[in-house]
There are 2 protein chains.
Amino acid sequence: MSGRLIVIGLGPGEAACMTAQAVEALARADWFYGYGPYVDRVVALDDPRRVVSDNREEGARAREALALAARGECVAMLSGGDPGVFAMASAVCEQIERGPEAWRALPLEVVPGVSAMLAAAAACGAPLGHDFAAISLSDNLKPWALIERRLQACAGAGLVMALYNPISKARPWQLGVALERLRDVLAPQTLVIFARAAGRPDEQITTTTLAQARAEQADMATLVIIGSEETREVTRPGQASLVYTPRFAPGWDPESKHSAC
Amino acid sequence: MSGRLIVIGLGPGEAACMTAQAVEALARADWFYGYGPYVDRVVALDDPRRVVSDNREEGARAREALALAARGECVAMLSGGDPGVFAMASAVCEQIERGPEAWRALPLEVVPGVSAMLAAAAACGAPLGHDFAAISLSDNLKPWALIERRLQACAGAGLVMALYNPISKARPWQLGVALERLRDVLAPQTLVIFARAAGRPDEQITTTTLAQARAEQADMATLVIIGSEETREVTRPGQASLVYTPRFAPGWDPESKHSAC
């Protein structure tokens with residue numbers, strides 16, 4: 001049996017954002033599984049090796065791909081961004097654990113990619129330059145109360161937050177409520193970034209404050225970054241503003257590496 | 001003035017882990033600034049365009065690069081992994097904010113890369129498959145008490161943690177103390193991953209438990225991942241174990257998308 005499953009991160013969207021390792025892995029594959037828009041990026045529409053499915057069918061998609069790999073095929077499972085961040089790598093591992101023994105004997109490769117939050121951060125400066133958290137606002141797979149608890153714990157501890165899956169047709173109210181809960185903990189002038197299609201030609205970065213931020217500023221293609229108290233905006237003549245979080249805590253001088261208090 | 005500064009993420013180490021965008025940006029540069037081992041990856045040792053400096057001189061390195069860009073040169077600032085995660089992008093933004101007006105007028109590009117935590121996660125399965133935090137254990141730039149508070153807040157909220165800068169000659173005790181504090185919050189069987197040189201030919205992944213983990217298992221090239229209560233290990237015949245964090249909270253059935261409680 002020579003079958004294997006390769007979970008491949010395609011990065012934020014443009015072919016130039018893919019790693020050479022991902023391009024090489026794509027060249028080895030006999031089949032390409034994934035959510036349609038991701039498969040569209042790298043496999044022609046009339047290619048018979050495409051197997052596309054809806055973005056809410058991760059479990060079934062993983063099982064089908066594993067079954068095909070167990071029959072000796074080299075199967076690629078495609079993810080946008082990085083496959084290990086709210087994406088297919090975990091779904092595949094779940095099915096390997098639950099499935100037949102043959103699936104556990106299969107070689108599995110995970111090819112990392114540039115995740116959406118890294119592309120979003122690069123597009124506006126360095127908002128993730130200090131401690132941060134990545135939190136999914138989707139309550140499909142966890143209770144909403146747990147999401148609120150995590151948002152408030154991270155905000156209270158001074159972490160910047162990258163919010164994945166902020167809004168969709170099926171989850172219209174979650175981002176608005178999340179912003180409300182964050183207003184209980186963070187100052188009104190805390191910076192909020194709406195990074196839509198980061199790393200793609202239609203990229204759109206909007207920086208606002210927590211007081212001004214509205215859920216309607218996000219859609220399914222948006223990554224939302226909530227700054228910490230330290231996150232700063234630098235206006236520039238003739239250039240877009242930079243948003244960054246300093247590497248040092250307040251009162252610490254980065255040059256002397258001692259407290260300036 | 002046609003000068004510009006490009007902060008480039010080289011990914012975890014192998015050339016194949018670089019994006020095409022990073023390769024293209026390197027080709028445009030007149031000068032290459034960075035910590036020696038990063039510059040060594042992409043610029044020959046006898047190349048006169050190399051400007052290497054120690055890894056504790058980020059501020060001075062950023063100022064020198066900005067001054068050269070302001071004189072009209074295309075200057076590359078190299079980072080391992082992703083430049084926005086505990087790396088040079090934030091250091092550059094700091095100096096742009098503090099420096100002369102001419103630096104704010106310069107075009108700045110940040111080219112994202114595959115960060116160490118994504119490479120480490122890909123090497124062992126999908127430990128970052130659910131909500132997680134990235135925390136630096138370096139107390140050069142923030143007080144140790146703040147680091148402990150963040151570790152305990154994130155652990156208490158059920159987030160997986162990727163620990164950057166776990167240990168060095170100058171910071172020998174921090175990881176050991178961090179593990180002690182985490183033992184106050186997390187169960188002894190919580191999984192801990194020591195990912196050394198992830199994404200490089202000498203990659204070494206060690207999975208253990210919080211009870212068994214020892215600081216000596218890490219060095220400067222190690223990324224440490226602390227699992228949540230949900231993080232699981234799947235043993236496989238003839239294959240390395242997989243470590244992953246399920247996409248769903250305990251008691252939630254990922255197939256029905258309803259609570260099974």
Side-chain angles (χ1 to χ4, degrees), chain A residues 11 16-21 24 59 82 84-85 89-91 93-94 96-97 104-105 107 110-115 118-119 121-122 125-126 128-129 131-136 140-143 146 149-150 153-154 156-157 159 234 236-239 242 244-249 252 254-255 257, chain B residues 11 15-21 24 59 82 84-85 89-91 93-94 96-97 104-105 107 110-115 118-119 121-122 125-126 128-129 131-136 140-143 146 149-150 153 156-157 159 234 236-239 242 244-249 252 254-255 257:
Chain A
C17 297
M18 252 192 280
T19 66
Q21 190 186 14
E24 181 274 332
D82 178 77
V85 177
S90 183
C93 290
E94 283 160 29
I96 288 175
E97 183 174 22
R104 284 186 286 286
V110 181
V111 178
V114 172
S115 58
L118 301 185
L128 306 180
D131 301 331
F132 68 92
I135 296 176
S136 169
N140 284 343
L141 300 171
K142 60 188 169 187
L146 179 63
R149 187 171 143 236
R150 289 180 176 172
C154 291
L159 273 71
V234 182
R236 299 187 298 165
Q239 307 282 342
L242 290 177
Y244 81 99
T245 306
R247 299 164 301 147
F248 48 92
W252 283 57
E255 300 297 337
K257 295 182 178 170
Chain B
C17 297
M18 252 192 279
T19 65
Q21 191 186 14
E24 180 273 333
D82 178 77
V85 177
S90 182
C93 290
E94 282 161 30
I96 289 174
E97 183 174 22
R104 283 186 287 287
V110 181
V111 178
V114 172
S115 59
L118 302 185
L128 306 179
D131 301 332
F132 67 92
I135 297 177
S136 169
N140 284 343
L141 300 171
K142 60 188 168 186
L146 180 63
R149 185 171 145 238
R150 288 179 177 173
L159 273 70
V234 183
R236 299 187 298 166
Q239 307 282 343
L242 290 177
Y244 81 100
T245 306
R247 300 165 301 148
F248 48 91
W252 282 56
E255 300 297 336
K257 296 184 177 166

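In what follows, chains are A, B, ... by sequence order, proteins preceding strands, each numbered from 1.
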Novice: Check each atom of Val110(B) against the heavy atoms of chain A and say whether the ones under 4.5 Å are side chain, backbone, both or neither.
Specialist: both

Novice: Which bit of Glu97(B) comes within less than 4.5 Å of chain A, counting heavy atoms only: side chain, backbone, both or neither?
Specialist: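 Answer is both: backbone and side chain atoms of Glu97(B) are under 4.5 Å from chain A.
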
Novice: Specify the closest pair of heavy atoms between Gln239(B) and Arg104(A), including all atoms of both residues, with the distance to one decimal.
Specialist: CG-O, 3.8 Å

Novice: So for Leu118(B), is it side chain, backbone, both, or neither that comes closer than 4.5 Å to the heavy atoms of chain A?
Specialist: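 Both parts, backbone and side chain.
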
Novice: Check whether any side-chain heavy atom of Lys142(A) lies under 4.5 Å from a side-chain heavy atom of Asp131(B), and answer yes or no.
Specialist: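 Contact flag for Lys142(A)/Asp131(B) side chains = yes.
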
Novice: In chain order, what residues pass the side-chain hydrogen bond (donor to acceptor under 3.5 Å, both in side chains) check against Arg236(B), with sequence neighbours excluded?
Specialist: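 Partners of Arg236(B) under the side-chain hydrogen bond (donor to acceptor under 3.5 Å, both in side chains) test: none.
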
Novice: Can you say whether Leu242(B) sits under 4.5 Å from chain A via the side chain, the backbone, both, or neither, judging by heavy atoms?
Specialist: side chain

Novice: Chain A: which of Pro143(B), Gly156(B), Gly113(B), Ala91(B) shares the most heavy-atom pairs with it under 4.5 Å?
Specialist: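 Maximum pair count with chain A is reached by Pro143(B).
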
Novice: Looking only at heavy atoms and a cut-off of under 4.5 Å, which of Ser90(A), Ala20(A), Ala126(A) has the most pairs with chain B?
Specialist: Ser90(A)

Novice: Find the distance between CG (Leu159(B)) and CG (Leu159(A)) and round it off to the nearest 0.5 Å.
Specialist: 8.5 Å

Novice: When only pairs under 4.5 Å are counted, which of Gly11(A), Ala16(A), Gly129(A) shares the most heavy-atom pairs with chain B?
Specialist: Ala16(A)

Novice: Please classify the contact between Ser136(A) and chain B as side chain, backbone, both or neither, with a heavy-atom cut-off of under 4.5 Å.
Specialist: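 For Ser136(A), heavy atoms of backbone and side chain both lie under 4.5 Å from chain B.
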
Novice: Using the test side-chain hydrogen bond (donor to acceptor under 3.5 Å, both in side chains), find all partners of Thr19(A) that sit at least two apart in sequence or belong to another chain.
Specialist: none

Novice: Quick one: of Ala119(B), Ala133(B), Gly84(B), Cys93(B), who has the most non-hydrogen atom pairs under 4.5 Å with chain A?
Specialist: Cys93(B)

Novice: Less than 4.5 Å to any heavy atom of chain A: does that hold for the side chain of Ala153(B), its backbone, both, or neither?
Specialist: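 Its backbone and side chain both get close to chain A.
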
Novice: Pick from Cys17(B), Gly238(B), Ala121(B): which one has the most heavy-atom pairs with chain A under 4.5 Å?
Specialist: Cys17(B)

